[in-house]
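Positions are given from 1 along the sequence.
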Amino acid sequence: LRGRFAEVRPAATMLVCGLADPRMKIEIEVDARRPADAGGTVRAEVRTAYERYLSSFVASDLAGIDAVVSYPLAHVGDGVVRLFDSFPIDPAELQRGKGWHTTLNSSYEVVAVSPTKAHVVLYNGDRVRADGSLIENVSAFYAFTRTDDGWKLYALSDVVNPASTG
């Protein structure tokens with residue numbers, strides 16, 4: 001049995017002892033509690049807010065981005081933290097300046113949540129032109145806060161690497 005169940009923790013533990021006097025008998029009951037977001041509700045809400053941000057970014061919809069951002073927005077980049085009262089990246093400028101069409105192969109995850117704060121990591125995303133050619137790869141970290149209007153992005157840090165030309 002030990003070979004099969006050595007790593008399994010008991011669902012209940014009981015200790016029975018002979019008492020000097022039966023009046024000394026006590027019973028202690030403890031209930032285990034699941035974490036507040038065990039069902040994934042907060043994660044789902046944060047994921048929805050992040051996906052609204054992503055779709056607004058791809059659509060160059062600054063009003064849509066503003067709807068999911070809590071300003072001032074902290075942007076962490078190259079050893080400097082700056083606060084912005086408007087979104088610091090213009091997706092339309094990416095389209096004009098780099099020929100960016102969309103982002104493919106995005107891999108992201110809501111990695112941590114509390115009732116008031118959440119972290120999302122974009123592990124990888126490929127920014128491509130309309131012909132599918134790679135411009136750059138992006139990875140990012142996003143911090144969200146719960147507001148009266150839902151989950152809002154309040155801090156981000158991105159790492160952008162140009163496509164290799166070799």
| query | What pairs meet the salt bridge (Lys or Arg N to Asp or Glu O under 4.0 Å) rule with one or both residues in residues 57-85, with sequence neighbours excluded? | reply | none
| query | Could you give the distance from CG (L62) to OG (S56), rounded to the nearest 0.5 Å? | reply | 9.0 Å
| task | Tell me, please, which residues at least two apart from R47 pass salt bridge (charged side-chain N to carboxylate O under 4.0 Å, His left out). | result | none
| query | Do Y108 and Y154 belong to the same hydrophobic cluster, where Ile, Leu, Val, Met, Phe, Trp and Tyr are linked whenever their side-chain heavy atoms lie under 4.5 Å apart, directly or via other members? | reply | no
| request: Kindly work out whether a path of hydrophobic side-chain contacts (I/L/V/M/F/W/Y, heavy atoms less than 4.5 Å apart) joins L156 to L94. | output: yes
| field | Where S114 and V42 come nearest, the two heavy atoms and their spacing | value | O-CG1, 3.9 Å
| message | In this structure, would L104 and V160 fall into the same cluster of hydrophobic residues linked by side-chain contacts under 4.5 Å? | response | no
| query | Among the clusters formed by ILVMFWY side chains lying less than 4.5 Å apart, do L54 and V69 turn up in the same one? | reply | yes
| Shared hydrophobic cluster, I89 / F144 (ILVMFWY, side-chain heavy atoms < 4.5 Å) | yes
| remark: All heavy atoms of R43 vs all of A112, minimum pair found to be NH1-N, 3.9 Å
| remark: d(N137 CG, N124 CG) to nearest 0.5 Å is 4.0 Å
| query | Going from NZ on K117 to CH2 on W151, what distance comes out if it is rounded to the nearest 0.5 angstrom? | reply | 10.5 Å
| T102 and V58: side chain to side chain contact (heavy atoms under 4.5 Å, CB included), yes or no, with the steps? | CA-CA 6 Å; T102 194; V58 170; 3.7 Å; yes
| request: Looking only at non-hydrogen atoms, find the nearest pair between L73 and A155 and report the distance. | output: CD1-N, 3.6 Å
| remark: Sorted by chain and residue number, the side-chain hydrogen bond (donor to acceptor under 3.5 Å, both in side chains) partners of E136 (sequence neighbours excluded) come out as K98, R127
| task | Please confirm whether the backbone N or O of L122 pairs with a side-chain atom of S139, one donor and one acceptor, at under 3.5 Å? | result | yes
| message | Give me each pair satisfying salt bridge (Lys or Arg N to Asp or Glu O under 4.0 Å) with a member in residues 142-164, each pair once, sequence neighbours excluded. | response | E45-R146
| said: So which atom in V81 and which in A74 form the shortest heavy-atom distance, rounded to 0.1 Å? | reply: CG1-CB, 4.5 Å
| Side chains of V111 and F141: closer than 4.5 Å at any heavy-atom pair? | no
| Which pairs, with at least one residue in residues 68-92 and sequence neighbours excluded, count as a ring pair (Phe, Tyr, Trp, His ring centres under 6.0 Å)? | Y53-F87
| task | Find the distance between CG (N105) and CG (L134) and round it off to the nearest 0.5 Å. | result | 9.0 Å
| How far apart are the closest heavy atoms of V76 and S157, and which atoms are they? | O-OG, 3.1 Å
| query | Of all residues at least two apart in sequence or in a different chain, which pass the side-chain hydrogen bond (donor to acceptor under 3.5 Å, both in side chains) check with Y50? | reply | none
| request: Starting at CG of N161, measure out to CD1 of I135 and round the result to the nearest 0.5 Å. | output: 14.0 Å
